[in-house]
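Have a look at the structure below before the remarks.
Per chain, numbering begins at 1; letters A, B, ... match sequence-line order.
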Protein chains: 2
Amino acid sequence: MDSKNTESISLTTLQRLPNYLRYLKTCEQQGIVYISSVMIAKGMDLTPMVVKKDLAVAVITEGKPKLGYCVESLIYDIEKFLGYDNTKDAVIVGVGKLGHALMAYEGFSNYGLNIMIGFDANVTTSEVNGKKILPMNKFVDLVKRLNIHIGIITVPKENAQEIADLMVSAGVRAIWNWAPIKLEVPNNIAVKQEDLAASLAVLSNRLKELMKKE
Amino acid sequence: MDSKNTESISLTTLQRLPNYLRYLKTCEQQGIVYISSVMIAKGMDLTPMVVKKDLAVAVITEGKPKLGYCVESLIYDIEKFLGYDNTKDAVIVGVGKLGHALMAYEGFSNYGLNIMIGFDANVTTSEVNGKKILPMNKFVDLVKRLNIHIGIITVPKENAQEIADLMVSAGVRAIWNWAPIKLEVPNNIAVKQEDLAASLAVLSNRLKELMKKE
DNA sequence: TAGATTGTTAATCGATTAACAATC
DNA sequence: TAGATTGTTAATCGATTAACAATC
């Protein structure tokens with residue numbers, strides 16, 4: 001069916017797609033109906049070539065020479081490609097300050113993610129934003145029963161591996177790990193490491209380069 | 001002096017460096033004195049070649065054939081390279097749940113970052129972990145006076161650009177932006193965008209690939 | 001000495017950039 | 001029709017991988 005995306009999309013393109021979406025939606029709101037790769041590139045600090053290449057792999061919509069791409073169709077296609085059209089349920093383990101922040105963040109609904117329930121070893125609050133917080137002993141049963149495939153880990157690094165194991169045993173297939181530790185999981189489980197140390201390394205390196213120039 | 005790092009280091013290598021550090025410290029704690037690129041690669045899911053190349057650009061320490069690299073020297077060199085040896089002060093603007101979590105996170109001290117003060121339009125708490133939270137009208141003066149060069153933005157996206165402008169006017173040179181919006185700043189200012197939508201796109205794409213295989 | 005491991009040089013791979021024919 | 005823009009094919013660039021001589 002999907003003759004496209006048979007071979008997997010490049011990581012860089014994939015990471016840019018949500019940004020296209022964000023930009024195109026602001027264009028749509030301004031009443032722009034057709035947009036060229038040149039315009040998109042200008043608005044997003046890319047080159048037109050990157051835009052054309054990215055769209056070519058992620059989108060069915062074809063651009064019209066001289067006119068550009070239909071904004072509405074692009075939005076539709078990209079949302080479809082990213083799976084934003086059918087929201088995926090997730091659970092989060094570790095409702096400390098960070099976990100709390102992620103649970104409360106409204107923006108994830110725009111990304112097709114619904115954090116349904118929070119779990120914590122020490123439950124201190126019963127709800128965040130109308131979402132229940134439950135003790136760990138309910139975890140495996142509930143995740144299995146609700147058939148939830150995405151787990152978010154925001155526990156201290158000492159406990160992250162055991163939580164990952166628990167998630168895998170409960171049928172979780174994709175883990176978003178915020179603990180600064182490399183998780184060991186079976187190779188049929190996807191892990192995305194959120195690496196703040198790497199982000200900081202990039203930022204402070206750029207800062208150093210800037211300072212050197214003066 | 002530093003004949004190395006004249007030409008800038010590759011982004012991928014840079015992002016891996018904090019992970020080397022983390023791994024090497026666990027080795028040190030286990031009493032390992034010398035370690036080979038093969039061992040490091042095994043412990044970190046890399047290839048020995050990547051390890052050797054990365055170390056070659058970031059480190060002064062030379063490996064000894066048959067023996068490997070001195071763990072202690074590697075740690076010293078990488079910390080130096082990443083600037084962890086002299087801690088940098090930062091301020092954060094937007095002490096909602098996320099900002100609160102970042103302010104309270106102890107781990108940043110390991111990365112040479114010290115979030116000194118929080119600012120917020122509506123101050124509800126006066127302190128987080130012994131760090132003051134102040135109203136915005138104190139921002140420019142204080143940041144200038146303390147000569148702070150790093151700013152973290154955790155305000156809603158509607159306000160992120162004005163906060164960035166304010167930071168720039170106060171002498172901030174590097175911005176870590178958690179709001180999902182592309183900031184416009186002068187080109188002598190470094191910006192690191194924290195892009196959760198991109199992370200989620202990667203994770204859910206991998207999940208999709210996994211599901212397809214079954 | 002023999003062999004494992006480093007460090008460097010060459011080959012491969014993939015992504016970005018350039019060039020250009022097709023087309024509205 | 002003329003010209004801007006798409007989509008595709010080729011060239012470049014940079015990072016990863018392979019090969020191998022040097023060396024402890």
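Between B:Lys53 atom NZ and D:dT17 atom P the separation is 10 Å, expressed in whole Å. B:Leu46 has its CG atom 16 Å from the P atom of D:dA15, to the nearest Å. Between the CD1 atom of A:Ile40 and the C1' atom of D:dA4 there is a distance of 16 Å, given to the nearest Å.
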**OP:** Assign a letter to each nucleotide of nucleotides 19-24 of chain C from its 5' end: B, base within under 4.0 Å of a protein heavy atom; S, sugar-phosphate only; -, no contact.
**Re:** B---BB

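Other residues, nucleotides and ligands contribute over 12 non-hydrogen atoms within 6.0 Å of the NZ atom of A:Lys182.
Of the possible polar contacts, one joining the A:Lys208 side chain to the B:Phe81 backbone as a donor-acceptor pair under 3.5 Å is found. Of the possible donor and acceptor atoms, none in the side chain of A:Thr87 sits under 3.5 Å from a partner among the backbone N and O of A:Asn114.
Using a 4.0 Å cut-off, some side-chain N or O of B:Thr47 falls inside it from OP1 or OP2 of D:dT17. In terms of phosphate contacts, A:Arg16 brings no side-chain nitrogen or oxygen within less than 4.0 Å of OP1 or OP2 of C:dA15. In terms of phosphate contacts, A:Thr12 brings a side-chain nitrogen or oxygen within less than 4.0 Å of OP1 or OP2 of C:dT16.
With no hydrogens or angles considered, no side-chain donor-acceptor pair links B:Arg16 and B:Asn19 at under 3.5 Å.
With a cut-off of 3.5 Å on both pairing distances, the Watson-Crick and G-U wobble pairs of DNA chain D assemble into stems of 3 or more at C:3-24 with D:3-24.
A distance below 6.0 Å separates the ring centres of B:Tyr105 and B:Phe108.
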**OP:** Determine, stepwise, if the pair A:Ser8 / B:Glu209 fulfils side chain to side chain donor-acceptor pair (under 3.5 Å).
**Re:** CA-CA 8 Å; A:Ser8 66; B:Glu209 300 283 320; 5.4 Å; no

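Annotation: proximity of residues 24-39 of chain B to DNA chain D (heavy atom, distance under 4.0 Å) is found for no residue.
In this pair, A:Tyr84 and A:Tyr111 present their aromatic rings tilted. The plane angle is within the 30 to 60° band.
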